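Keep in mind that this is a model prediction, so the values were computed, not measured. Reminder, nothing fancy here: chain letters follow the sequence lines and each chain counts from 1.
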2 protein chains.
Amino acid sequence: MDRRQQKTREAIFEAFSKLLSSKSYTKITVQEIIDEANIGRSTFYSHFETKDDLLREMCTDLFDHIFSDRLDTEGTHDFSIADGNPNSMITHILYHLRDNKKNIIGILTCESGELFLRFFKQYLNELIIQHLLKDVERKNTDVPDDFLVHHISGSFVEMVQWWLKNNMKQSPEELAEYFSSVIIPII
Amino acid sequence: MDRRQQKTREAIFEAFSKLLSSKSYTKITVQEIIDEANIGRSTFYSHFETKDDLLREMCTDLFDHIFSDRLDTEGTHDFSIADGNPNSMITHILYHLRDNKKNIIGILTCESGELFLRFFKQYLNELIIQHLLKDVERKNTDVPDDFLVHHISGSFVEMVQWWLKNNMKQSPEELAEYFSSVIIPII
DNA sequence: AATGTTATTGAACAAATTGTTCACTATCAT
DNA sequence: ATGATAGTGAACAATTTGTTCAATAACATT
């Protein structure tokens with residue numbers, strides 16, 4: 001990728017992220033992003049089709065990063081997606097979210113949250129199906145698998161939202177304990 | 001309230017709801033609502049400040065209706081918010097959502113879902129605090145009350161979304177069973 | 001260092017949208 | 001019948017959106 005493209009893309013992401021900390025997604029105009037990023041109008045539209053497209057790309061970048069196994073060891077913590085231990089996986093995700101540079105709270109607390117959460121749940125569902133419900137004989141046969149998967153991923157994103165909005169008072173390890181406490185008994 | 005005001009308000013609600021079934025909230029313009037409702041431009045703005053305001057009012061109307069006790073008996077079902085039985089409360093809410101005239105799926109599957117769900121969770125939190133966790137000696141002391149309340153309300157709205165997006169295949173009673181099955185064990 | 005390729009610029013453009021104003025008309029309650 | 005209230009529709013300036021295009025800058029490669 002051309003160095004100019006990289007710089008422009010990064011400038012747009014940063015401008016967008018900065019704007020998200022002061023106003024909600026729908027209120028932000030493309031013009032403001034352009035001004036903040038200090039780029040030409042046509043440059044923005046050569047990178048992204050629309051504002052929605054920009055958000056989509058940013059989410060893809062973020063979750064690809066969090067949920068990719070290769071990047072586990074370079075992080076600031078020892079928890080990994082790949083080791084199959086539920087608590088470790090949860091803690092891994094929470095650390096990434098906490099230390100992330102993008103303005104997640106900005107994305108969440110406005111209309112764009114819809115898109116963000118859709119991404120989040122999608123990645124989580126795959127993770128749950130692959131690691132949590134595979135090779136585990138379930139005791140709770142009252143509910144269908146599909147319901148349970150959505151319950152777990154749904155509960156998780158709800159927990160993350162609650163956590164972020166309360167300024168992440170709890171540690172990722174503490175939160176992982178809470179989560180296990182309301183999920184493990186019902187699997 | 002003036003009969004003219006009622007008619008205008010109703011026409012706007014209906015137009016908005018109809019538009020929500022064909023396109024997402026952010027794509028809908030005030031102009032389209034005006035055209036669909038067949039009213040004057042200035043009339044719209046004398047009723048609602050903005051499009052967001054309209055959505056807010058619609059949500060308030062809806063949830064006030066669902067969560068008000070007085071209206072329990074007039075419904076198409078025998079379940080009530082007031083009787084304190086969790087399953088009965090859940091079923092009551094689900095029936096209302098299912099039979100509702102407003103386009104809930106339209107609201108949910110677009111950016112306005114943020115606002116809608118905020119309302120929904122707020123009403124649910126109050127209900128949970130008042131009816132579910134009051135006078136119940138909790139066994140699960142590993143998690144704080146605040147976390148548990150959010151977990152329950154969060155899980156509930158996630159379940160409703162899953163249900164609506166799957167065309168409400170399950171009956172409200174069946175869903176209430178599912179929900180109890182993943183919540184009761186962890187209280 | 002020269003060259004062809006590619007990214008960015010900035011200005012200009014039409015079309016659509018937003019929220020407000022105002023004089024006029026229709027409908028209401030009594 | 002009448003005063004009060006609600007709706008009309010047209011016009012308004014200000015923003016925003018997405019596109020186009022020729023000129024310029026930065027790039028990779030030889």
Within less than 4.0 Å of OP1 or OP2 of [N], is there a side-chain N or O belonging to [X]?
X: Gln31(B); N: dT17(C); answer: no
X: Arg41(B); N: dT21(C); answer: no
X: His47(B); N: dA6(D); answer: no
X: Tyr45(A); N: dG18(D); answer: yes
X: Ser46(A); N: dA7(C); answer: no

Between [atom2] of [N] and [atom1] of [X], the distance in whole Å:
X: Ile39(B); N: dA6(D); atom1: CD1; atom2: C1'; answer: 12 Å
X: Ile34(A); N: dT15(D); atom1: CD1; atom2: P; answer: 16 Å
X: Lys51(B); N: dT16(D); atom1: NZ; atom2: C1'; answer: 14 Å
X: Gln6(A); N: dA26(D); atom1: CD; atom2: P; answer: 16 Å
X: Phe48(B); N: dG7(D); atom1: CZ; atom2: P; answer: 11 Å
X: Gln5(B); N: dA4(D); atom1: CD; atom2: C1'; answer: 12 Å
X: Asp35(A); N: dT16(D); atom1: CG; atom2: P; answer: 10 Å

| request: For Ser181(A) and Glu177(A), indicate whether the former's side chain and the latter's backbone hold a donor-acceptor pair under 3.5 Å. | output: no
| task | Answer yes or no: is there an ion pair linking Lys169(A) with Asp146(B), defined by an N-O contact shorter than 4.0 Å? | result | no
Could you please name the option among [options] that lies closest to any side-chain atom of [X]?
X: Asp2(B); options: dC28(C), dC21(D), dA25(D); answer: dC28(C)
X: Ser42(B); options: dT9(C), dG9(D), dA6(D); answer: dG9(D)
X: Thr29(A); options: dC28(C), dT16(D), dG18(D); answer: dT16(D)
X: Arg4(A); options: dG9(D), dG7(D), dA7(C); answer: dA7(C)
X: Val30(A); options: dA7(C), dC28(C), dT17(D); answer: dT17(D)

| query | Side-chain donor-acceptor pair under 3.5 Å between Tyr45(B) and Asp53(B), yes or no? | reply | no
| Axis bend over the full length of the helix from dA1(C)-dT30(D) to dT30(C)-dA1(D), computed from five pairs that close each end, to 10 degrees | 50°
| Are Phe116(A) and Phe63(A) an aromatic pair by the rule of ring centers under 6.0 Å? | yes
| said: With ring pair (Phe, Tyr, Trp, His ring centres under 6.0 Å) as the test, pick out the partner of Phe156(A) among Phe179(A), Trp163(A), Tyr123(A). | reply: Phe179(A)
| message | Taking atom CD as the centre, does Glu49(B) end up with more than 12 heavy-atom neighbours from other residues, nucleotides or ligands that are less than 6.0 angstrom away? | response | no
| In terms of ring plane angle, is the pair Trp162(A) and Tyr178(A) parallel, tilted or perpendicular, where the classes change at 30° and 60°? | tilted
| With under 30° as parallel and over 60° as perpendicular, where do the rings of His151(B) and Phe147(B) fit, or are they tilted in between? | parallel
| Want to settle it: does Arg3(B) or Ile28(B) sit nearer the 5' end of DNA chain C, counting the closest nucleotide to each? | Ile28(B)
